Trainee: 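I am attaching a structure below and will ask some questions about it afterwards.
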Amino acid sequence: MAINVGYFLKESVTSFRRNWVMSLGAVITIYLSLLLVGLSMVTGYLVSEVVRSVEDKVSIQIFLKDGAATEDVEALQGWLLRDELVEAVNYVSKEQALDRFKEEMAGSPEIIDSMRENPLPASLDVTLNDPRTVQEMVERIKAQELFVQVCDRPDDPEQSLKYGQQIVDRLFAFTRIVRLVGVVFVAMLGSVSLIFINNTIRLAIYARRKEIGIMRLVGASNSFIRAPFLLEGVLQSLIGAGIAILTIVAVQAAVLPRLQEALPFLPVDISPTAMLQLSAVLLGAGMLIGLLGSGFALRRYLKV
Amino acid sequence: MITMRKVGKTYGTDKPALHDVDVDIEQGEFVFLVGHSGSGKSTFIRLLQRELLPSRGQIIVAGQDVVKLKNWKVPYLRRNIGCVFQDFKLLPNKTSYENVAFALEVIGRSKHVIRTQVPEVLRLVGLEDKMGSYPDELSGGEQQRVSIARAFVNRPPILLADEPTGNLDPATSLGIMSLFNRINKTGTTVLVATHDREMVDSMRKRVIALENGYVVRDQHRGVYGYGD
């Protein structure tokens, strides 16, 4: 009997340690997975914020010839404003264009000095509701007679239009790639976490197989037997998710100000709402991973 | 209480473990199930617990059709059946009291019920002094008493025992059997699978004998009855 006492003591200590290490392992994997998921979401968010700020700057400029009839210009402006793709139309006179140019060229006054008269045309700056419709809008404008009448280069109306279709296309291609990589990452890490939880719960079931056998014997209901394991999986994921959120908040607080300093012309900032949403997504994802992982393990290893 | 009609059980493609078994056990009966190893005793017991499903035939236990019973209802069937095994199946890290209480906890009985019923049943099996002992501090007979207390604490109408004295010496076995007898006197149907010849012969209860999966004898006030 003395040998038995020692044996049982050792076994329970070993079992405790084994479970502890496994649980910690599961928590760490979920933590790392959700951290990467969170960081890729933050990156995606920042990139799309940058894209949006660039998109805001995408507009169509229609250059007008000197001495274009005011009523024609106003008619064109009115026609543009009636188009459902157009958000706003802004008239920029020759003088305003020159002022803008001077402002931009303030660093090299010799260029401004060398200008004897104002070479810049007046223009209509068209902002669109959706930057992706730039090409379509350009086609509509080119088909419009008024435009040909007032444009800067009637011989080649195309040259009187300036728009950033290529920039927009490239940016959209880039964001698509970022999103795709993000989705692939999330899927891969999600399945890794699932496998880990699955394993942890399998070991937990194995470690408690005697108790489970007796529970079944005396008629404990299936849900009663399953609940602690489901809970274990969910708790592990929630702890992992919690630490991941804290890490992301810390990283964001440490890195973003420096990033903003290095890139003053881009808006690198995460609103508190976005941060809350991110936390909710991570907690939700953690909960889901925990439920699914332990659920699979229970289905496979706990025949009740 | 227990009805089996034309029950057969085949594992894989082997010859049947049980063959055309017809048995009726009334409420309050005490029945020995005897036979050599491999005669089908354990299969018989496990069919009643619905650990196994029969290949053919009908089984009614405590008013429930075991074959048609939905999976999720199985636990509720098992609450009507106390089970005792040769290897006791006690949890080593729990005391006698905790082992018995565990059976009530996991079917959701209240703390109050547990506090009153556990000491009572431990007194019934004669272990009122050993409530705080761990299984490895108890003798084999005492461990089996804990396991019987656990099987009976919920007052099931049926008690099944599979070789309950297989690991115990004759004197201890006698004590266990008289305990089953006492439990049977409370109106509980008791079915004991055993190959303990002396026990069966001395108790003079109903004996169902199995041989190669067939019921070869069903005798009231019977004896073990094998010549070898």
Side-chain angles (χ1 to χ4, degrees), chain A residues 1-23 201-235 291 294-304, chain B residues 45-46 49-52 62 64 69-85 87-95 98-109 133-140 142-143 146-147 149-156 158-160 162:
Chain A
M1 284 301 155
I3 299 165
N4 262 354
V5 177
Y7 172 75
F8 283 131
L9 262 176
K10 205 180 96 200
E11 195 183 45
S12 56
V13 168
T14 317
S15 145
F16 171 79
R17 196 189 286 149
R18 183 177 53 213
N19 287 337
W20 181 76
V21 167
M22 271 314 293
S23 302
I201 300 301
R202 184 175 66 167
L203 284 181
I205 290 170
Y206 187 75
R208 295 189 57 203
R209 64 194 180 284
K210 269 190 159 175
E211 271 127 296
I212 293 169
I214 290 164
M215 285 167 143
R216 296 179 51 206
L217 193 72
V218 300
S221 66
N222 297 351
S223 50
F224 186 94
I225 298 176
R226 285 190 185 122
F229 297 106
L230 276 181
L231 197 69
E232 187 178 337
V234 170
L235 269 182
L291 275 176
S294 39
F296 284 144
L298 289 180
R299 281 184 74 101
R300 286 181 60 188
Y301 308 112
L302 190 63
K303 297 270 181 277
V304 282
Chain B
I45 297 269
R46 296 178 72 195
Q49 286 175 278
R50 204 187 179 275
E51 277 283 312
L52 297 172
Q64 310 237 42
L69 195 67
K70 298 255 191 313
N71 268 328
W72 68 270
K73 281 187 174 168
V74 172
Y76 302 95
L77 169 75
R78 293 197 180 136
R79 289 178 195 184
N80 289 321
I81 309 171
C83 282
V84 177
F85 297 92
D87 58 355
F88 319 139
K89 296 197 194 293
L90 297 176
L91 296 172
N93 55 345
K94 290 187 190 291
T95 63
E98 288 165 345
N99 263 292
V100 176
F102 184 69
L104 290 178
E105 278 162 17
V106 301
I107 60 171
R109 292 286 182 270
S133 305
Y134 288 88
D136 50 57
E137 296 163 352
L138 299 172
S139 70
E142 286 168 336
Q143 289 186 54
V146 175
S147 132
R150 184 182 61 197
F152 191 59
V153 67
N154 194 33
R155 304 295 151 129
I158 300 173
L159 191 72
L160 302 179
D162 193 358

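Every value quoted in this text rests on a predicted model; they were computed, and no experiment measured them. Just so we're on the same page: letters track the sequence lines, and every chain starts at 1.
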Trainee: Chain A: which of B:Lys73, B:Arg150, B:Arg79 shares the most heavy-atom pairs with it under 4.5 Å?
Mentor: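 It is B:Arg79.
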Trainee: Quick check: closest heavy atoms across A:Gly219 and B:Arg78, and the distance to 0.1 Å?
Mentor: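 Result for this residue pair: CA-CB, 3.9 Å.
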Trainee: Might you point out which heavy atoms bring B:Phe102 and A:Met215 nearest each other, and give the distance in Å?
Mentor: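 That closest heavy-atom pairing would be CZ-CG, 3.7 Å.
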Trainee: Which heavy atom in A:Ala220 sits nearest to a heavy atom in B:Pro75, and how many Å separate them?
Mentor: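 Shortest heavy-atom contact: O-CB, 3.5 Å.
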Trainee: Shortest non-hydrogen contact from A:Asn222 to B:Asn71?
Mentor: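 Closest heavy-atom pair between A:Asn222 and B:Asn71: ND2-O, 4.2 Å.
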Trainee: Quick one: CD on B:Gln49 to CZ on A:Arg216, what's the gap to the nearest 0.5 Å?
Mentor: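 Going from CD on B:Gln49 over to CZ on A:Arg216, the span is 9.5 Å.
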Trainee: Just verifying a value: how many Å separate A:Glu211 CD and B:Asn93 CG, rounded to the nearest 0.5 Å?
Mentor: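 That separation rounds to 6.0 Å.
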Trainee: Supply the atom-to-atom distance B:Trp72 CH2 to A:Ser221 OG, rounded to the nearest 0.5 angstrom.
Mentor: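 Result: 10.5 Å between the selected atoms.
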Trainee: Check whether B:Phe85 gets within reach of chain A through its side chain, its backbone, both or neither, counting any heavy atom under 4.5 Å.
Mentor: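 Just its side chain gets close to chain A.
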Trainee: Minimum heavy-atom separation for A:Val218 to B:Ile107, with atom names?
Mentor: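 That closest heavy-atom pairing would be O-CG2, 3.5 Å.
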Trainee: Is B:Glu105 in contact with chain A via its backbone, its side chain, both, or neither, using a 4.5 Å heavy-atom distance?
Mentor: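 The answer is the backbone of B:Glu105.
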